[in-house]
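Everything below concerns the one structure shown next.
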Amino acid sequence: MSLFRKPKKNIVQRRVFTENDEDDEEHDADLHQAALQEKKPKKKSKEKKPTQTLLSFETEEEGEVFQVRKSSHHKKVMRMFEKEKKKKERPEKEEPKPKDDKTEVVTDDLVLVVNQSHKKPATPPPPVLSGRDALCAGKDDLSSEDDESDATVHRFSKPDNVKKVLESGAIPDAAMIHAARKKRQRAREMGDFIAVEEEEPEDTGRLIRDDDNEESDEERIDMDINLAKRDQERRREQFLQAQDSDHELDEWENQQIRKGVTGAAMTAAQEMLMDYQTEQETQSKAIQLQPPLIDPDIPRTPEMIAEKLRERYADACQAKQQHLAKLHKIQEDIEQASEELEDVKLKAPEAAEKFRFYQELRGYVTDLVECLDEKIGAIANLEQRALDLMGAMAKFVIERRRQDVRDQADEATGKVLVKKGPEDEEKVRRAAEREGRRSRRRRTRELSAAPGTAKHVEGMSSDEEMSQQDMLFFDKERLEIEQELQEIFEDVVEDYSSIVNILIRFEHWRSKDSAAYNEAYASLCLPKVVSPLIRLKLILWNPLTETKEIEKMDWYRTLALYGLHDDETEGGLAKDPDVCLLPNIVDKVLVPKLSNIVDSCWDPLSSSQTLRLVGCVGRLIRKYPTLSPDSKNLVNLFNAVLHKMKLALDHDVFIPVTPKISDSKNQFFQRQFACGLKLLKNITSWQGIINEAKLKDLALNALLNRYLLSALKFCSLTDAGQKMRLISQILPRVWLQENIHEFKMFMLAISNLQQQLDKNNPLHLESIDILNGILKTLRSAHK
């Protein structure tokens, strides 16, 4: 934008009209028409007609000419003063102009020109004054009393001289009208109060409109000259003119203001810069004017110069040696980098091959994990189904045995219903099936018994036989599970469904890059990778009924041979990271499987199931070091075994102790006592595996002292002796040789029975020998 001043434009002022302005204009027009009727036309004024007037008066031919100069334009007012000043300073030697009988009245705001007529009328009309004369005339007309009364009248009320002019029939001139209008406008703008007097119009001979009374025509105008008010009005008019200017002028003014501010800021910055430069020049001149200081380090003699040169030469030699050492180091680094570059070039094919190998291995492992994640749900579902099926078979056998005990107890006590119903028929059917199973087991023992074997005790055998109809139902469910096992990995290739193929992949990785194999903790991840497939192989595995050992399974041999080499030594085997692969599988997979089987399927009264379970757990504990007391899975297995034995003590041990039933000839009593002996044997078979304290508490306190020794009191002496012999044979020899507090009741029972036996009776001699042998063993431990 240009920095020059924009040429001033002619601004057309807009006047804001209000309702009061319209009333004022109508009132002024009426007054002007009345004045024209009384005055005669006179010569037109030589003043130019303004282009736009604020009053609605036309130019008069005769009389006074009213011209208004805006006080807001200070330059115009000053120009007017200069013009008047020049007129007064004109030389008197000029030729006199013909008098036009004109009178000029100059004020700060107005210039009034009064044209006097050449012919005086017979009765001169009342003088019409304007401007300052009118104000002065109004002041002179006021009396002292009026002055005192005006002190209490509002400053914008109408003066009495205006009333007198109107009452005399004269017409106020244009100046007085204009002054009245301006006073009223200033009062409205300033918010001053204008008193309105509602008076009845008097017949004063002037033209009065009906709305004059309504619009406060009786206002009193204070004609006193107030310079402060005039200055304030001048500033207000300037402000209104600035607001009435067009948008283009406002925009131009804003731009000029911004330019002025920017220019002022730039000027200030330039002044600061010039001051700074001047200060710097002054300081530099001051430094130049100072006398030079003598540097003490500058050599002044030839010896000093020579010494200084020698020092510099020594420094240069030292710097040269440092540079040579650095150069030698850089050369060595270059040679080493060249060797490394050649080495890298030689190893590039191997690195590329290794990269391709790891890319393939990464893809394989990712696909394997995704496949196992997809199949693990089906595997867990089949596991639970198989476990439920085996649990249902075990529950069926246990409930049948308990029902047989209840039926035999009713028969022994002689409870016979008068009326036979469906319950009796069902009981008869159960009794027939029970006797049939017993006879079949007896024939089987007789056929398989070897010569010289001990006689079988009735009640020691386990009744686990199932009918053909029941076996068909369970076999059908088992076949369905086997079929679903084959379909789980039917849509998967062998690389992802075979334990052998998975181990081959990992073994190839181990042989190719053993360091990366160890850093990736592959030995810890491998058991988790193959465990789903091992669980799939063990879904129908039941160590309670099968005699096949776990070590003879295919997956077991595959894991045992993983990572094995022909030249492997014992020291290398100790450093093998996969040496614990099989123990970890046993701890994480096999032991939890055994815990579930014990909890759902194991019958503590079954000697065959107990012997198989004890043999399986004992072998695992002896072979695998991970199965220690710190193993949570092993602790859970032992807790499950103890829990099942406690349930058997509470629900399956029932030995009647009434004289009628406890007869030695009563088969029910003998069978139930034999059932208690069988449970004692099954409990003590866990000796050396489960905690000794907990096992002794179950076997001795809960079973021997509570049930078996109490039942011996109702047996015959010879029969009691034989039962004592059976108990001593069942109890572990280690316990009999220890000083055990729980054996006190057992020793006391033997002593009482020994006292009852008669040495002279040949039938009692065998029993006496048996008891003496037992007491000898126990007393040797208690000495």
Side-chain angles (χ1 to χ4, degrees), residues 457 459-460 462 598 602-607 609-611 613-614 617-618 629 637-657 662 669-715 719-755 767 770-783:
V457 179
M460 294 291 287
S462 300
V598 167
W602 179 48
D603 183 10
L605 287 178
S606 175
S607 299
Q609 292 183 9
T610 303
L611 291 176
L613 182 61
V614 170
V617 175
L637 174 61
F638 290 159
N639 290 333
V641 172
L642 293 173
H643 177 68
K644 292 289 287 190
M645 289 190 293
K646 289 179 181 179
L647 290 178
L649 285 171
D650 295 338
H651 300 285
D652 293 322
V653 178
F654 174 69
I655 302 175
V657 292
S662 61
F669 174 80
Q670 296 296 334
R671 284 182 176 279
Q672 291 303 113
F673 190 87
C675 182
L677 290 175
K678 181 174 63 175
L679 182 59
L680 178 65
K681 180 181 178 180
N682 293 339
I683 292 175
T684 55
S685 62
W686 290 97
Q687 189 270 330
I689 299 175
I690 298 180
N691 189 302
E692 293 286 338
K694 294 181 179 180
L695 204 63
K696 289 176 182 178
D697 182 65
L698 288 175
L700 301 179
N701 293 331
L703 181 57
L704 177 63
N705 298 334
R706 182 180 179 183
Y707 289 103
L708 299 180
L709 296 181
S710 299
L712 288 177
K713 298 177 182 179
F714 298 93
C715 297
D719 187 37
Q722 294 296 329
K723 287 180 172 53
M724 284 292 185
R725 181 176 62 84
L726 291 174
I727 292 173
S728 63
Q729 292 177 353
I730 291 173
L731 292 175
R733 302 298 295 177
V734 179
W735 290 4
L736 293 175
Q737 294 175 0
E738 293 178 356
N739 186 4
I740 302 175
H741 176 73
E742 288 80 1
F743 278 148
K744 289 184 178 181
M745 291 186 64
F746 183 59
M747 293 176 63
L748 183 61
I750 293 174
S751 300
N752 293 333
L753 182 60
Q754 191 178 22
Q755 293 176 2
S767 300
I770 294 171
L771 294 177
N772 289 333
I774 296 172
L775 287 176
K776 184 178 180 180
T777 305
L778 293 173
R779 285 173 182 173
S780 62
H782 285 75
K783 286 183 180 180

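This structure is a prediction, so every number in the text was calculated from the model and none was measured.
Atoms CG and CG, from Leu605 and Leu649 in turn, are 9.0 Å apart once rounded to the nearest 0.5 Å. Taken to the nearest 0.5 Å, the NZ atom of Lys644 stands 6.5 Å off from the CG atom of Leu647. Note that CG of Asp603 is 11.5 Å distant from CG of Leu613, once rounded to the nearest 0.5 Å. Interatomic distance, Arg706 CZ to Met745 CE, rounded to the nearest 0.5 Å: 12.0 Å. Separation of atoms CD (Gln754) and CG (Asn772) is listed at 4.5 Å; rounding is to 0.5 Å. Rounding to the nearest 0.5 Å gives a distance of 12.0 Å between CD1 of Ile730 and CH2 of Trp735.
Pairing each heavy atom of Ser685 with each of Thr610, the nearest pair is OG-CG2, 3.5 Å. The two atoms that bring Leu708 and Phe673 nearest to each other are O-CE1, 3.5 Å, heavy atoms only. Pairing each heavy atom of Ile655 with each of Ala711, the nearest pair is CG2-CB, 3.5 Å. Minimum interatomic distance between Asn682 and Pro604 (heavy atoms only, all atoms of both residues): ND2-O, 2.6 Å. Closest approach of Met724 to Leu709, counting heavy atoms only: CE-CD2, 4.1 Å.
Residues Pro656 and Phe714 fail the side-chain proximity criterion, which asks for heavy atoms closer than 4.5 Å. The closest side-chain heavy-atom distance from Pro732 to Thr684 is below 4.5 Å. You'll find the side chain of Asn691 stays beyond 4.5 Å of the side chain of Leu642, heavy atoms only. With a 4.5 Å cut-off on side-chain heavy atoms, Leu753 and Leu712 do not count as touching. For the pair Phe638/Val598, no side-chain contact is recorded, criterion being any heavy-atom separation below 4.5 Å from C-beta on. Inter-residue side-chain proximity for Leu677 and Ile727 is flagged as met; some heavy-atom pair is nearer than 4.5 Å. Counting heavy atoms from C-beta outward, Trp602 and Met645 have side chains that approach closer than 4.5 Å. Here the side chains of Leu679 and Asp652 are not in contact, with every heavy-atom distance at 4.5 Å or above.
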Apply the test side-chain contact (heavy atoms from CB on, under 4.5 Å) to residues Leu731 and Leu700: give CA-CA distance (whole Å), side-chain angles for both, the deciding distance (0.1 Å), then the verdict.
-> CA-CA 9 Å; Leu731 292 175; Leu700 301 179; 3.8 Å; yes

Pair Val653-Cys675, side-chain contact (heavy atoms from CB on, under 4.5 Å): steps then yes or no | CA-CA 7 Å; Val653 178; Cys675 182; over 6 Å; no

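Few gaps surround NZ on Lys678; more than 12 heavy atoms of other groups in view lie less than 6.0 Å from it.
Using modelled atom types, one side-chain atom of Asn752 and one backbone atom of Leu748 make a donor-acceptor pair closer than 3.5 Å. The main-chain N or O of Phe654 is found under 3.5 Å from a side-chain atom of Gln672 such that the two form a donor-acceptor pair. For the pair Ser710 (side chain) and Tyr707 (backbone), a donor-acceptor distance under 3.5 Å is absent.
A donor-acceptor contact closer than 3.5 angstrom links the side chains of Lys723 and Gln670.
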